[in-house]
Amino acid sequence: MLSSLRTSVLALGLAILALPAHAFDTSARAAYVIDQTTGTVLLSKEADQPLPPASMSKLMTLYVAFEALRDGRLTLSETLPVSEHAMSYGGSTMFLNTQDRVSVEDLLRGIIVLSGNDACVVIAEALSPDGTEAGFARYMTQRAKQMGMNNSNFANSNGWPAAGHMMSVHDLAVLANALITDFPEYYPLFAEEVFEFDGRAPSNARNRNPLLRLDIGADGLKTGHTQEAGYGLVGSAKQGDRRVIFVLTGLDSTAQRAEEAEAVVNWSFRNFVERTVADAETPIAEAKLWMGEKKTVGLVPEGDLAVLFPVLGTQNVQAEVVYEGPINAPVLKGQQLAELVIKPEDLPEIRHPLVAVEDVAIGGFLVRMLTVGGIVLKDVINKPLESM
């Protein structure tokens with residue numbers, strides 16, 4: 001009979017030292033910070049609350065465009081027409097007109113660096129299932145849900161204020177991670193500081209990301225601002241082997257956005273340390289087996305396991321192995337059998353898969369008979385005596 005089994009990892013010798021982290025006190029209405037390298041959530045404030053994302057939602061338009069490039073439905077060199085609808089947008093634009101045919105590459109740079117509302121619509125109408133921006137927005141909503149962004153709904157391609165156009169900061173972080181991971185060939189575009197498209201708008205030629213000009217490893221992604229949304233930033237920075245992704249929204253000014261963003265990057269890198277706590281060759285626990293040629297099998301992480309911890313403190317972190325067992329034999333080396341659950345103080349719990357360290361075949365006839373016989377004998381011993 002299967003049952004949920006929990007084993008203390010600390011008792012098995014995996015000692016993890018950590019201290020409580022000093023939480024980052026942000027003025028943002030909502031915030032989310034994750035260490036991409038280890039998957040550790042460092043800060044979560046109103047993370048799943050759908051909020052107006054302003055131009056930060058342009059990241060979804062870019063993701064869909066990058067998918068089209070990867071699939072061959074777009075090429076960087078092809079040119080696209082500009083509709084009256086695209087030209088009609090105000091706010092931050094590339095100052096496109098209906099006489100233009102603009103290359104996809106210039107449109108992408110115009111979205112990333114210049115935050116061009118009109119450029120988003122040109123891309124949207126080219127990729128929309130029905131040729132309209134509204135149809136593209138419906139497609140983005142569907143695609144976002146496929147990617148696990150369940151608190152996102154799009155009414156347009158560029159974040160222009162509209163009823164129902166919402167994203168959570170958690171969803172924006174998921175999207176940023178997907179852009180970085182899925183499209184490394186295009187991600188360097190987000191670090192471009194200046195794009196002077198055709199000399200049309202010299203006052204709108206610089207990237208609004210305030211961190212790109214600082215020497216802190218920042219290399220993306222997108223700012224946003226409307227009166228309803230306030231000032232926001234989806235950002236990422238890499239120092240050494242670590243990368244941090246963060247989202248801030250609902251700030252009061254560009255200055256506050258710049259200060260908070262720099263502060264959260266510095267806090268993320270200076271207050272946490274990455275430690276290797278297990279390797280792929282040394283079992284950290286054992287799982288019980290049913291009808292196997294061995295009674296147990298060693299459990300190891302899929303690869304060397306590094307975990308992020310606050311730099312201060314001296315107390316042990318709780319950690320345990322969880323699985324449904326005993327596990328039916330046979331099992332194969334590398335087969336996932338359990339999870340290692342680590343619970344650092346003041347941080348969300350971290351779950352990592354554990355796999356079998358070796359093959360274990362099903363036991364022979366004698367093993368199976370002894371196992372069944374043992375169960376029968378146990379039932380007889382535990383059966384209450386009947387009254388005579």
Side-chain angles (χ1 to χ4, degrees), residues 1-18 34-41 148 181 241 273-310 313-345 347-386:
M1 182 176 181
L2 293 179
S3 60
S4 179
L5 302 180
R6 293 175 178 268
T7 302
S8 170
V9 177
L10 294 178
L12 294 170
L14 179 59
I16 306 171
L17 300 179
I34 185 168
D35 180 83
Q36 188 204 45
T37 312
T38 62
T40 307
V41 178
T181 303
D241 294 329
V273 61
E274 185 179 333
R275 298 176 182 172
T276 300
V277 297
D279 64 68
E281 302 298 328
T282 306
I284 61 172
E286 292 184 333
K288 295 180 179 180
L289 297 180
W290 172 257
M291 296 289 191
E293 63 179 10
K294 294 182 178 182
K295 293 183 178 181
T296 62
V297 64
L299 299 173
V300 295
E302 293 178 305
D304 292 349
L305 178 57
V307 177
L308 203 67
F309 295 106
T314 57
Q315 65 184 38
N316 286 329
V317 169
Q318 294 182 356
E320 61 185 5
V321 171
V322 180
Y323 69 97
E324 296 289 328
I327 296 165
N328 290 331
V331 298
L332 300 177
K333 181 179 181 179
Q335 179 181 343
Q336 182 176 340
L337 301 178
E339 280 190 315
L340 174 63
V341 183
I342 302 173
K343 300 176 181 179
E345 189 171 346
L347 290 174
E349 72 177 23
I350 306 161
R351 289 178 172 263
H352 291 279
L354 295 177
V355 301
V357 73
E358 61 181 341
D359 294 337
V360 179
I362 193 167
F365 176 76
L366 181 59
V367 170
R368 296 197 299 273
M369 288 299 296
L370 288 174
T371 301
V372 173
I375 293 173
V376 172
L377 181 60
K378 183 178 180 181
D379 286 344
V380 171
I381 293 173
N382 292 334
K383 185 177 181 179
L385 292 176
E386 295 181 0

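Every heavy atom of this structure was used, including side-chain atoms; hydrogens, water molecules and symmetry mates were not. Just so it is clear, the structure is predicted and the values come from calculations on it, not from any experiment.
Listed by chain and residue number, I284, L299, P301, V321, A338, L340 satisfy the side chain to side chain contact (heavy atoms under 4.5 Å, CB included) test with L354 (two or more places apart in sequence, or in another chain). Under the side chain to side chain donor-acceptor pair (under 3.5 Å) criterion, T37 pairs with no residue at all, not counting sequence neighbours. Legend: residues meeting side chain to side chain contact (heavy atoms under 4.5 Å, CB included) with A306, ordered by chain and number and at least two apart, are E274, T276. Residues satisfying the side chain to side chain donor-acceptor pair (under 3.5 Å) test with E339, not counting sequence neighbours, are R351. Not counting sequence neighbours, the partners of P330 by the side chain to side chain contact (heavy atoms under 4.5 Å, CB included) test are I362. For the side chain to side chain contact (heavy atoms under 4.5 Å, CB included) test, residues two or more places apart in sequence or in another chain that qualify with V41 are Y32, I34, S44, P348. Scanning for side chain to side chain donor-acceptor pair (under 3.5 Å) contacts around T40 gives T38, with sequence neighbours left out.
Within the 3.5 Å criterion, the main-chain N or O of K288 finds a donor-acceptor partner in the side chain of Y323. In this structure a side-chain-to-backbone donor-acceptor pair under 3.5 Å is missing from D279 to D304.
Atoms CD1 and CG, from I350 and L305 in turn, are 8.5 Å apart once rounded to the nearest 0.5 Å. Rounding to the nearest 0.5 Å gives a distance of 10.5 Å between NE2 of H352 and CD of E302.
Applying the side-chain hydrogen bond (donor to acceptor under 3.5 Å, both in side chains) test to pairs two or more places apart or on separate chains, those with a residue in residues 353-362 are K294-E358.
Between P283 and G298, the shortest heavy-atom distance links the atoms CB-CA, 4.0 Å. Nearest heavy atoms, E286 versus T296: OE1-OG1, 3.4 Å.
Evaluated for a side-chain contact (heavy atoms from CB on, under 4.5 Å) with V355, the options L332, V297, V300, L337 yield exactly one hit, V300.
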